[in-house]
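Source: prediction; values computed, not measured. Order of appearance sets the numbers: ligands from 1, and atoms from 1 within every ligand.
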Amino acid sequence: MANLNSSQLQNWNNNGFLKIPRYFTTNEIEEIQQWVLEISSWEPINDKWMHHYESTPDGPRLSRTENFVPFHDNMRMTVTSGKVIKIVSELMTEPTVLYKEKINYKYPGGGGYAAHQDAPAYEFIDFHITCLISVDSATPDSGCLYFASGRHQEGFIALDEKGCVSPETAVTMSWQPVPTKPGDILLFGSYIPHKSPPNHSNEPRRIIYLTYNAKSQGDWREKYYADKREAFSQYAADSSKRDKQISKIAHFRGNIIENAEFD
Ligand SMILES: O=C(O)CCC(=O)C(=O)O
C-alpha cells in the first residue's frame with residue numbers, strides 16, 4: 001500500500017483534497033510528458049480518443065483529450081496498476097477501478113473552469129476520487145486548481161442550471177489555490193467544489209485527470225464514454241448549443257470549436 005501518514009489522512013478528511021509533491025520521480029514524469037506529447041499528436045478520430053479544441057489568442061489549440069487509455073499501452077499500465085491505483089484505493093479504503101481519464105492542456109490563453117463539483121457530471125456511481133498528475137507547473141497565473149476547502153461533506157451545493165455551483169454561492173466561498181509542479185499529484189473527491197482561472201502565462205499547463213470508483217460498484221468506464229458520445233450527438237442535433245460544452249455540465253469557460261486544422 002502507499003501508506004499515507006496520519007497527517008495526510010487528516011488533510012484528506014478535513015479538506016476534501018490532498019496534494020502529494022513529487023509522487024512521480026523526475027524520470028517517471030519525463031516519460032509521462034513524452035506520452036502526453038504522443039497522445040496530443042494523434043489525429044482526431046472521433047470513435048476512438050476524443051480530442052476537444054478551443055480557440056486561443058494563438059489560434060485553435062487542443063483543450064482536452066479523453067478516452068486515451070485503450071490506445072496507449074504505457075499510459076494504460078500507469079493508470080490501471082501501480083502507484084496511482086494504490087494510493088486512490090487507500091483513500092477509497094477498498095480496491096478501485098478507472099472510471100474515466102482526460103488530459104486538460106490549457107495552452108496559453110486556454111479557458112478556465114467555473115466553480116463546480118464533479119459529481120453531477122459523473123453519473124451511475126455516487127462517489128469518485130480523481131488523481132490529478134501535474135505534467136507542467138500549474139500556478140494561479142497558468143490556471144491551477146482552487147478548492148473550497150472542507151466543503152466536500154455538504155452534498156450538492158447550490159447546483160444551477162449549468163450543473164455548476166451557482167455564481168451567487170461561489171462568490172461567498174473561500175477559495176484556496178493549490179499550485180502543483182511536474183510529478184506532483186493532487187487527489188480530490190467528486191463533491192469538493194473547485195474551479196480554475198484561464199492560463200495567463202506563456203507556458204502550457206497540462207494536467208492528467210484520472211478518475212476512479214470503488215470496484216465493488218462495478219466497471220462503468222465504457223458506459224460513461226458511450227453515454228457521453230450519445231448525449232453529445234443529441235446536443236449537436238438540437239438547438240441547445242450544449243455541443244459547445246466540454247462536459248455534460250457547462251463549467252468550461254473557454255470557446256470550444258469544431259475539430260481544428262493545426263499549423
Ligand atoms: O483543468 C482545469 O483547470 C480544471 C478542470 C476541471 O475542473 C474539470 O475538468 O472538471
Subject >> ligand 1 to Tyr113 polar contact by distance, N or O atoms, under 3.5 Å >> reply: no
Subject >> Closest candidate by heavy atom, reference atom 3 (O) of ligand 1, pool Ser142, Ser196, Pro198, Gly112 >> reply: Ser196
Original post:
Can you list the ligand 1 atoms lying under 4.0 Å from a non-hydrogen atom of Arg64?
Top reply: 8 (C), 9 (O)
Original post:
Checking Lys241 against Tyr235: charged group under 6.0 Å from the ring centre and within 45 degrees of the axis?
Top reply: no
**OP:** Mind checking whether Asp118 contacts ligand 1 via backbone (N, CA, C, O), side chain (CB onward), both or neither, at a 4.0 Å heavy-atom cut-off?
**Re:** side chain
**OP:** Using a strict 4.0 Å cut-off to heavy atoms of His194, name the atoms of ligand 1 that fall inside it.
**Re:** 7 (O)
Subject >> Proximal atoms of ligand 1 relative to His251 (non-hydrogen, under 4.0 Å) >> reply: 8 (C), 9 (O), 10 (O)
Subject >> Rounded distance (nearest 0.5 Å) linking atom CZ of Arg206 with atom CG of Asp136 >> reply: 4.0 Å
Subject >> Minimum-distance protein heavy atom relative to atom 2 (C) of ligand 1 >> reply: Tyr209 OH, 3.1 Å
**OP:** Look at the rings of Phe252 and Tyr113 and say which category their plane angle falls in: under 30° parallel, 30 to 60° tilted, over 60° perpendicular.
**Re:** tilted
Original post:
Does a salt bridge link Asp184 with Lys181, judged by any charged N lying under 4.0 Å from a carboxylate O?
Top reply: no
Original post:
About how many Å separate NE2 of His51 and NZ of Lys48, when rounded to the nearest 0.5 Å?
Top reply: 12.0 Å
Original post:
Are Lys248 and Tyr122 in a cation-pi contact, defined as NZ or CZ under 6.0 Å from the six-membered ring centre and within 45° of the axis?
Top reply: no
**OP:** Verify ring pair (Phe, Tyr, Trp, His ring centres under 6.0 Å) between His194 and Phe188, making sure each step is shown before the conclusion.
**Re:** CA-CA 10 Å; His194 56 286; Phe188 56 99; 5.0 Å; yes
Original post:
Under 6.0 Å from the six-membered ring centre of Tyr225 and within 45° of its axis: does the NZ or CZ of Lys223 meet both?
Top reply: no
Original post:
Backbone, side chain, both or neither: what part of His116 comes under 4.0 angstrom of ligand 1, heavy atoms only?
Top reply: side chain
Original post:
Less than 3.5 Å between some nitrogen or oxygen of Tyr122 and one of ligand 1, yes or no?
Top reply: no
Original post:
Which atoms from ligand 1 have a heavy atom of Lys102 less than 4.0 Å away?
Top reply: 8 (C), 9 (O), 10 (O)
Subject >> Proximal ligand 1 atoms for Asn104, defined as those under 4.0 Å from one of its heavy atoms >> reply: 1 (O), 2 (C), 5 (C), 9 (O)
